Amino acid sequence: MDHFSGFNPVSDDLAVEYGRAVSPKNERRDAVPPPDATSAIGDLTWLAHRAAAALGDAFNEVSRDAGLADLRDWLVLELISNGPERTQLEIATELGVDKTTLVSILDRMERDGLVVRERSARDRRVRIPRATAKGIEVKEQVAIARDTAVMRRLSSIPTRDHAKFHAMLWSIVQDY
């Protein structure tokens, strides 16, 4: 069954490369064929869920190592460090995080000296979170460690296919 437009991992020439088994520590083991797409462990939704969990766990680990609670802290820091200023409501909407959850994240990050919240010049009832110098330093540290962790996870995918893989994932989530 073709789950990817034009890409069938069961019969594609790259199947052997994509089918390498990886241990929890991400050390290569013997190559195994990918599971049958009609089996429970080969179901695309389940595989995507497991892939997200593996990458999320790696991201959470490097976030915690840098003193953040999890990847959501990094996402907030990244968002408020780049681009136009955003209100807390805009941040919550863009990240798909409940407003109450975002307030808790910002409270903790403000306590830790990673963010400050300032009144908006346009509407004094609105607060605009901004990353502090410490917050930017932590964000950059985590980004480097995240990239290393993700590359370890993607090591079974040929480097030449990383951009294609990223584009395929984006095509699934872009309108979600």
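Not measured: the values here are computed from a predicted model.
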Inset, instruction - Among Leu71, Leu55, Asp65, Leu68, find the one that has a side-chain contact (heavy atoms from CB on, under 4.5 Å) with Asn60. - result: Leu71

Measure the [atom1]-[atom2] distance between [X] and [Y] for me, rounded to the nearest 0.5 Å.
X: Leu75; Y: Ile91; atom1: CG; atom2: CD1; answer: 11.5 Å
X: Thr101; Y: Lys99; atom1: OG1; atom2: NZ; answer: 11.5 Å
X: Met109; Y: Ser104; atom1: CE; atom2: OG; answer: 12.5 Å
X: Leu102; Y: Asp98; atom1: CG; atom2: CG; answer: 9.0 Å
X: His162; Y: Arg160; atom1: NE2; atom2: CZ; answer: 10.0 Å
X: Ile128; Y: Ser120; atom1: CD1; atom2: OG; answer: 4.5 Å

Verify, without hydrogens or angle tests, whether [X] (side chain) and [Y] (backbone) share a donor-acceptor contact under 3.5 angstrom.
X: Asp161; Y: Ile157; value: no
X: Thr132; Y: Leu114; value: yes
X: Thr93; Y: Glu90; value: no

Legend entry - Charged N-O contact under 4.0 Å between Arg122 and Glu85: yes

Inset, instruction - Identify whether the distance between the nearest side-chain nitrogen and carboxylate oxygen of Asp107 and Arg117 falls below 4.0 Å. - result: yes

Could you tell me whether the side chain of [Y] reaches within less than 4.5 Å of the side chain of [X], counting heavy atoms only?
X: Glu78; Y: Val142; result: no
X: Lys134; Y: Glu137; result: no
X: Ile144; Y: Glu140; result: no
X: Arg127; Y: Glu118; result: no
X: Val103; Y: Gln88; result: yes

Are [X] and [Y] joined in one hydrophobic group, where the rule is that I, L, V, M, F, W and Y side chains link up if heavy atoms are under 4.5 Å apart?
X: Leu79; Y: Leu106; value: yes
X: Val150; Y: Leu169; value: yes
X: Val138; Y: Leu95; value: yes
X: Val115; Y: Val97; value: yes

Any chance [atom1] of [X] has more than 12 other-residue heavy atoms, nucleotides or ligands included, within less than 6.0 Å?
X: Arg50; atom1: CZ; value: no
X: Arg86; atom1: CZ; value: yes
X: His166; atom1: NE2; value: no

Inset, instruction - Taking all non-hydrogen atoms of both residues into account, name the closest pair between Ala131 and Ile80 and its distance. - result: N-CD1, 3.5 Å

Legend entry - Where Trp74 and Ala143 come nearest, the two heavy atoms and their spacing: NE1-N, 3.8 Å

